[in-house]
Number of protein chains: 2
Amino acid sequence: MASAADDISERLEAEIVEGVLPPGTRLEEPALAERFGVSRTPVREALQRLSASGLVELKPRRGTQVLNPSIGRIVEMFEVMAELEAVCARLCARRGDPDLFADLRGWLARCAAAADTGDASAYYTANKGFHSAIYRGSGNLFLSQQAELLHLRLTPFRRQQLRLPRRLRQSLAEHGRIVAAIEAGDAAAAEAAQRAHILIQGERFADLLAQHGSGRE
Amino acid sequence: MASAADDISERLEAEIVEGVLPPGTRLEEPALAERFGVSRTPVREALQRLSASGLVELKPRRGTQVLNPSIGRIVEMFEVMAELEAVCARLCARRGDPDLFADLRGWLARCAAAADTGDASAYYTANKGFHSAIYRGSGNLFLSQQAELLHLRLTPFRRQQLRLPRRLRQSLAEHGRIVAAIEAGDAAAAEAAQRAHILIQGERFADLLAQHGSGRE
DNA sequence: CTCGACTTTTGTGTATACACAAGCAATAAT
DNA sequence: ATTATTGCTTGTGTATACACAAAAGTCGAG
């Protein structure tokens, strides 16, 4: 039922997000067509969609490649992400829905379990669930979808961070503060905690790159 | 130099935003192909892009039509727009750049001139410039682009509002308060004023629809 | 007259073929 | 030896053709 273009764009998206296709990789239509056993037509449609969601860059007559934003731009994206999530957290606090509290507590527990065992992969999953719960908890479906989209776009640049065990525990503590503020109905505190929680990731990212001396400017 | 698909998507975008193609209009590929004198291929690419930017809906095997969101969803979009613009205004106030002040004052003057003569079309243009200046003034290019995109998506639903002369003067007054707060470096006031300025549009929109008893739910 | 099954038509999804621009290599001229 | 020009290769942009699903129309049975 899913069209070939859907299928291809999903698989490419996953590979970009997972880092299988690192930023800068050239995506040539004939090669992809052969790989997926289809013609170039659905491949082109898939690339168009990825371009629209901001994962690849599509230069006219010069091919498409996995987007490789500058450090500055990535930091900007993290700043916007921080604001979007801050709004979500504020709205969560304002709603004060007990079901939402239970949901958040559940994800928090999963995060804690993963942090205890130091399982970065499990923490990644639980973390994603936690943030999605906050998006949905805003009660604004459009906002939630925008947040999910930007979260996806940032995933390639966030992966390395959770490898550091200290960051993992720190992240967990921040989650705890966020949930506490939401449960207390303290919108301002929830907003501030969430914003800080995301902003620190942008800073972390810049630190990591400066450290490793990546080839970016 | 611009590809046919670029050209078509731009023209369709303009027509959707201007209301020539009202929400709900079916966009059939063969018809568009004939109209633009090209084959279906570039038409399809153009529709893909419009779908990605959120102006049209592309249902598999069921064609594409100009997006016709529910009232609730449009209100949600206005809420997100309000938050994005609020962030922009806050960042403007924090920067405190005199060049930015001058820019804003310039647009404010153009808005005032248009409001004096009651020229809704001129006010529309000046208003767009004013808001764009605030986006750019945030100093965050990514945020600015996201704001422009959402502004574009909301344009079809904002057109009717400025017809009302009272709303026009009211809008001008709000602009004045925003600029004053930014110039004063009062980030919190700028943020609040900008948020309110946008939110009122969402409410206005809902009012208008309720009044006219549109066919939406 | 109404309802349902069948046929026709319309429109989308995909494949293939051609057109052409950009990059690259080899050769020729200075 | 260096550089400019020309031809070749690669890859994207567009056109056309076919496959098939969904909607629309038609016909017959009750």
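Proteins get letters first, then strands, A, B, ... in listed order; numbering begins at 1 in each.
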Summary of protein contacts for nucleotides 9-14 of chain C, nucleotide by nucleotide, where a base hit scores B, a sugar-phosphate-only hit scores S (4.0 Å, heavy atoms): --BBBB
Terminal helix-axis angle for the helix from C/dC1-D/dG30 to C/dT30-D/dA1, with five pairs defining each axis and rounding to 10 degrees: 10°
Which residues share a salt bridge (Lys or Arg N to Asp or Glu O under 4.0 Å) with A/Asp97, sequence neighbours left out: A/Arg95
salt_bridge(A/Arg26, A/Glu28) N-O dist < 4.0 Å: yes
Of all pairs that satisfy salt bridge (charged side-chain N to carboxylate O under 4.0 Å, His left out), the ones with a partner from residues 29-43 of chain B, not counting sequence neighbours: B/Glu15-B/Arg35, B/Glu29-B/Arg40, B/Glu29-B/Arg44
Inter- and intrachain pairs under salt bridge (charged side-chain N to carboxylate O under 4.0 Å, His left out), touching residues 78-93 of chain B, at least two apart: A/Glu83-B/Arg90, A/Arg90-B/Glu83, B/Glu83-B/Arg195, B/Arg90-B/Glu191
Sequence neighbours excluded - salt bridge (charged side-chain N to carboxylate O under 4.0 Å, His left out) pairs with any residue from residues 60-73 of chain A: none
Gap separating the CZ atom of B/Phe142 from the CZ atom of A/Phe78, nearest 0.5 angstrom: 11.0 Å
Parallel, tilted or perpendicular, as decided by the 30° and 60° cut-offs, for the rings of A/His151 and A/Tyr135: perpendicular
